[in-house]
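One structure is given here, and the rest of the page talks about it.
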Amino acid sequence: MSLRPIKSILTSVTERRPGWSRNFSQAIIWKKWSEVVGEPVSHNAWPERIVGTELLIVRVSDAVWMQQLFLERFKILQQLNSHLPPEAKLKEIRFIQGDVKELKARSKDKRDSYRPNYDNVPEELKERAKVLVSGVRDPELRQRLERVYLAYKLRMLKLNQAKYS
């Protein structure tokens with residue numbers, strides 16, 4: 001079995017929303033931040049947002065950390081970009097002072113709100129997902145593709161319910 005149904009879903013999503021593939025890629029920044037800068041820095045500095053397509057805004061806990069990170073900004077930028085595809089590369093980092101703990105907590109809450117609840121997925125939808133990805137040999141990739149399919153279907157169901165409510 002081919003991956004055509006999954007590819008068509010991903011293509012459909014990214015075609016309807018230009019820039020999504022770049023945005024998906026840039027989301028890696030939040031996952032890789034602690035690895036790139038190290039744990040002590042990540043407790044005192046956290047990515048806040050991307051402005052436009054190439055400017056990363058990082059919130060920093062105090063002026064001392066801000067100065068230190070400013071001096072290391074090119075190294076941080078190079079390391080972050082090494083995890084990104086060419087179309088998603090950043091060109092600049094700016095640091096602003098603020099409450100890093102609050103930002104990290106808020107971003108975790110936001111991430112959790114986007115996660116679909118796979119417990120309430122109808123069994124026939126789970127079975128359909130398994131059939132669609134049954135040709136994939138890699139078990140981890142197979143599981144991720146199932147989740148992508150289910151997340152997409154759950155989102156479509158939610159949108160349809162909202163449309164008719």
Side-chain angles (χ1 to χ4, degrees), residues 1-59 76 79-90 98-165:
M1 174 160 282
S2 76
L3 290 177
R4 200 171 84 228
I6 298 294
K7 284 182 182 175
S8 69
I9 290 170
L10 293 175
T11 302
S12 169
V13 168
T14 56
E15 282 176 354
R16 284 185 294 169
R17 309 253 196 226
W20 268 37
S21 62
R22 182 188 61 248
N23 294 346
F24 285 144
S25 300
Q26 288 179 333
I28 294 169
I29 292 166
W30 280 263
K31 285 186 165 221
K32 295 289 184 178
W33 181 256
S34 295
E35 179 184 320
V36 167
V37 299
E39 283 300 317
V41 175
S42 72
H43 289 299
N44 292 286
W46 195 254
E48 183 169 307
R49 67 186 181 278
I50 295 174
V51 176
T53 59
E54 301 169 340
L55 170 63
L56 177 64
I57 304 294
V58 176
R59 192 180 295 186
I76 295 169
Q79 289 177 338
L80 285 173
N81 280 335
S82 73
H83 296 286
L84 299 172
E87 71 274 4
K89 300 278 188 214
L90 298 168
D99 187 348
V100 175
K101 287 181 183 179
E102 180 267 333
L103 174 65
K104 287 174 85 170
R106 196 174 69 216
S107 87
K108 182 185 181 322
D109 292 344
K110 191 175 181 182
R111 276 193 321 271
D112 290 345
S113 73
Y114 290 132
R115 292 204 172 112
N117 182 358
Y118 295 106
D119 298 334
N120 299 331
V121 176
E123 283 303 315
E124 64 270 8
L125 204 53
K126 288 180 184 178
E127 289 303 315
R128 176 75 177 140
K130 285 186 188 313
V131 168
L132 285 172
V133 299
S134 63
V136 178
R137 290 189 182 124
D138 183 332
E140 183 181 351
L141 178 58
R142 189 172 48 247
Q143 180 184 25
R144 288 178 185 242
L145 288 171
E146 277 181 40
R147 290 202 171 240
V148 166
Y149 175 78
L150 292 173
Y152 173 78
K153 285 299 198 178
L154 289 171
R155 179 74 176 142
M156 294 288 76
L157 288 171
K158 187 175 178 180
L159 288 173
N160 284 335
Q161 288 172 353
K163 187 161 99 174
Y164 296 111
S165 294

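The model shown is predicted, which means the values in this text are computed figures rather than measured ones. No hydrogens, no waters, no symmetry mates; every other heavy atom, side chains included, goes into these values.
Heavy atoms only, all atoms of each residue included: Pro47 and Trp30 are closest at O-NE1, 3.0 Å. Nearest approach of Glu39 to Ser34, heavy atoms of both residues: OE2-CB, 3.5 Å. For the residue pair His83 and Ile28, the shortest heavy atom distance occurs at O-CD1, 3.8 Å. Taking both residues in full, the closest heavy atoms of Glu54 and Lys89 are given as CG-O, 4.0 Å, listed atom of the first, atom of the second, then distance.
Side-chain atoms of Arg59 do not come within 3.5 Å of backbone N or O of Glu48 as any donor-acceptor pair.
With a 4.5 Å cut-off on side-chain heavy atoms, Asn81 and Leu90 count as touching. For the pair Tyr149 and Leu132, the minimum side-chain heavy-atom distance is below 4.5 Å. Residues Arg128 and Lys153 fail the side-chain proximity criterion, which asks for heavy atoms closer than 4.5 Å. For the pair Trp46/Val37, no side-chain contact is recorded, criterion being any heavy-atom separation below 4.5 Å from C-beta on.
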Original post:
Which is it for Ile76 and Val58 under the side chain to side chain contact (heavy atoms under 4.5 Å, CB included) test, yes or no, and what are the steps along the way?
Top reply: CA-CA 11 Å; Ile76 295 169; Val58 176; over 6 Å; no
**OP:** Determine, step by step, whether Leu141 and Val133 satisfy the side chain to side chain contact (heavy atoms under 4.5 Å, CB included) criterion, reporting the C-alpha distance in whole Å, the side-chain angles of both residues, the deciding distance to 0.1 Å, and the verdict.
**Re:** CA-CA 9 Å; Leu141 178 58; Val133 299; over 6 Å; no
**OP:** For Gln79 and Lys32, run side chain to side chain contact (heavy atoms under 4.5 Å, CB included): C-alpha distance rounded to whole Å, both residues' side-chain angles, the deciding distance at 0.1 Å, then the answer.
**Re:** CA-CA 9 Å; Gln79 289 177 338; Lys32 295 289 184 178; over 6 Å; no
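Comment: Glu127 does not engage Lys130 in a salt bridge, judged by the lack of any side-chain N to carboxylate O separation of less than 4.0 angstrom.
Atom-to-atom distance recorded for His43:NE2 and Lys104:NZ is 5.5 Å, nearest 0.5 angstrom. Here Arg49 contributes atom CZ and Ile29 contributes atom CD1; the two are 13.5 Å apart, rounded to the nearest 0.5 Å.
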